[in-house]
A.B. asks: 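Next up is a structure, given as structure tokens.
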Amino acid sequence: MEGASSGGRGAAAPARMTTVSRHYFGGGASERDHDLRVDIIENIEEDYGMFVWPCSIILAEYVWQQRSRFSGSRVVELGAGTSLPGLVASKVGADVTLTDIAHNTQVLNNIRRICDLNNASCTVSGLTWGDWDEPIFDLHPDIILGADVLYDSANFDDLFATVTFLLENSPGAVFITTYHNRSGHHLIEFLMVKWGLKCLKLLDGFSFLLSCKAASLQGNIQLVEIALDKEKHK
């Protein structure tokens, strides 16, 4: 772990306790046998956006296994937090924009540090769900990623409004997200219908996860691919 304190006179600021976690892909997905390593700076004293959550690990593994699909594509990660799925997409050849809440400069700055640590050329941008600020109009993704973005039902409509706008702005695009079943799949199905979306694929998140990774994770995690329902967007 590493700590940081302020310089100059007076009392030192409390140390920010951070750690770097390493994530391996390909081969045996281990320190000794892998094709790709991504290092993530995590702040163990912060909430949500400063940890690598199980949904992020599962989505990142899916990106790796689908890497030929991601290579050369334009990818936007929503609520990126520590950005593991987006970084894997970047490493396999995608043009990646990593986004999180616009006013959360601590998370956005940490994303930039993580990109630098991994020599990843990603665009980092503030994007708050449900807000129609200028940056969102410039995004034309082929694939939208979101790991554990369905954790607070109060934000679901704003999230789906943003996803729907990006899908409408990018013909043929898909939204791929992983979520715990605590979110309530029936509510998600209702919102897909409400916003004119449809499910293309629904997978148990552990069905494609390597056993060496699955052993350290818990929960009932689903992966879903979502697209516009063209019948409702004529």
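As the structure is a computational prediction, the values presented were derived from the model and not from experiment. Just the heavy atoms: all of them, side chains too, but no hydrogens, waters or symmetry mates, feed the values below.
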A.B. asks: Would you find a donor on one side and an acceptor on the other, under 3.5 Å apart, between the side chain of S73 and the backbone of D142?
C.D. replies: no

A.B. asks: If Ile, Leu, Val, Met, Phe, Trp and Tyr residues are connected whenever their side-chain heavy atoms lie under 4.5 Å apart, and connections chain through other members, are V193 and L187 in the same group?
C.D. replies: no

A.B. asks: With sequence neighbours excluded, tell me which residues meet side chain to side chain donor-acceptor pair (under 3.5 Å) with W64.
C.D. replies: none

A.B. asks: I need the minimum non-hydrogen distance between A102 and T128, along with the two atoms involved.
C.D. replies: N-OG1, 3.0 Å

A.B. asks: Could you check whether the rings of W132 and F165 sit parallel, tilted or perpendicular, using 30° and 60° as the cut-offs?
C.D. replies: tilted

A.B. asks: Can you name the side chain to side chain donor-acceptor pair (under 3.5 Å) partners of K198, sequence neighbours left out?
C.D. replies: none

A.B. asks: List in chain and number order the residues that pass side chain to side chain donor-acceptor pair (under 3.5 Å) with N109, two or more places apart in sequence or in another chain; answer none if no residue qualifies.
C.D. replies: R112

A.B. asks: Going by the rule salt bridge (Lys or Arg N to Asp or Glu O under 4.0 Å), which residues pair with R22 if we only count those two or more places apart in sequence or in a different chain?
C.D. replies: D39

A.B. asks: Out of curiosity, I41 CD1 to I111 CD1, how far, rounded to the nearest 0.5 Å?
C.D. replies: 11.0 Å

A.B. asks: Please tell me if the side chains of T162 and I136 come closer than 4.5 Å, counting only heavy atoms from C-beta onward.
C.D. replies: yes

A.B. asks: Listed by chain and number, what are the ring pair (Phe, Tyr, Trp, His ring centres under 6.0 Å) partners of F208, not counting sequence neighbours?
C.D. replies: Y62

A.B. asks: Minimum heavy-atom separation for G146 and T177, please, with both atom names.
C.D. replies: O-OG1, 2.6 Å

A.B. asks: Given the rule that I, L, V, M, F, W and Y join up when any side-chain heavy atoms are under 4.5 Å apart, are Y24 and L84 in one cluster?
C.D. replies: no

A.B. asks: Kindly compute the distance separating CD1 (I188) from SG (C199), expressed to the nearest 0.5 Å.
C.D. replies: 10.0 Å

A.B. asks: Could you tell me whether R74 and D95 have a side-chain N and a carboxylate O separated by less than 4.0 Å?
C.D. replies: no

A.B. asks: Could you give all pairs that pass the ring-ring contact (aromatic ring centres under 6.0 Å, His included) test and reach residues 87-107, with sequence neighbours left out?
C.D. replies: none

A.B. asks: Working note: T19 + E42, criterion side chain to side chain donor-acceptor pair (under 3.5 Å); need CA distance, chi angles, decisive distance, verdict.
C.D. replies: CA-CA 5 Å; T19 186; E42 300 184 70; over 6 Å; no

A.B. asks: Atom CG of L223 and atom CG of L203: how far apart are they, to the nearest 0.5 Å?
C.D. replies: 5.5 Å

A.B. asks: Let's go through N220 and Q222 carefully: what are the C-alpha distance in whole Å and the side-chain angles of both, what is the deciding distance for side chain to side chain donor-acceptor pair (under 3.5 Å) to 0.1 Å, and is it a yes or a no?
C.D. replies: CA-CA 7 Å; N220 183 358; Q222 305 291 321; 3.1 Å; yes

A.B. asks: Of S125, C115, P85, S90, which meets side-chain contact (heavy atoms from CB on, under 4.5 Å) against L98?
C.D. replies: C115

A.B. asks: Within the distance-only criterion (no hydrogens, no angle test), does the side chain of T82 pair as donor or acceptor with the backbone N or O of F51 below 3.5 angstrom?
C.D. replies: yes

A.B. asks: Using side-chain contact (heavy atoms from CB on, under 4.5 Å) as the criterion, list what pairs up with S30, not counting sequence neighbours.
C.D. replies: R32, D33

A.B. asks: Of all the heavy-atom pairs spanning V88 and A60, show the shortest one and how long it is.
C.D. replies: CG1-O, 3.9 Å

A.B. asks: Would the distance check show the side chain of D131 and the main-chain N or O of D133 forming a donor-acceptor pair, the cut-off being under 3.5 Å?
C.D. replies: no

A.B. asks: Ring pair (Phe, Tyr, Trp, His ring centres under 6.0 Å) with H140: which residues, sequence neighbours excluded?
C.D. replies: none

A.B. asks: Within the distance-only criterion (no hydrogens, no angle test), does the side chain of N118 pair as donor or acceptor with the backbone N or O of I114 below 3.5 angstrom?
C.D. replies: yes

A.B. asks: Would you say the side-chain atoms of T178 pair up with the backbone N or O of C55, donor to acceptor, closer than 3.5 Å?
C.D. replies: yes

A.B. asks: Which residues pass the ring pair (Phe, Tyr, Trp, His ring centres under 6.0 Å) test with F206, sequence neighbours left out?
C.D. replies: none

A.B. asks: Would you say T99 and L108 make side-chain contact, with heavy atoms under 4.5 Å?
C.D. replies: no

A.B. asks: Report the distance from atom CG of L78 to atom CD1 of I101, rounding to the nearest 0.5 Å.
C.D. replies: 11.5 Å

A.B. asks: For R67, is there any backbone N or O sitting under 3.5 Å from a side-chain donor or acceptor partner on S71?
C.D. replies: no

A.B. asks: R69: what forms a salt bridge (Lys or Arg N to Asp or Glu O under 4.0 Å) with it, not counting sequence neighbours?
C.D. replies: E225

A.B. asks: If hydrophobic clusters are built from ILVMFWY residues whose side chains come within less than 4.5 Å, do I57 and L210 share one?
C.D. replies: no

A.B. asks: Strictly under 6.0 Å, is that where the ring centroids of F160 and W129 end up?
C.D. replies: no

A.B. asks: Is a donor on one side and an acceptor on the other found under 3.5 Å between the side chain of S170 and the backbone of L167?
C.D. replies: no

A.B. asks: How would you list, by chain and number, every residue that makes a side chain to side chain donor-acceptor pair (under 3.5 Å) with E168, sequence neighbours excluded?
C.D. replies: H233

A.B. asks: By salt bridge (Lys or Arg N to Asp or Glu O under 4.0 Å), which residues pair with K213, not counting sequence neighbours?
C.D. replies: E61

A.B. asks: Is the side chain of D100 donor-acceptor paired with the backbone N or O of V107 at a distance under 3.5 Å, no angle test?
C.D. replies: no

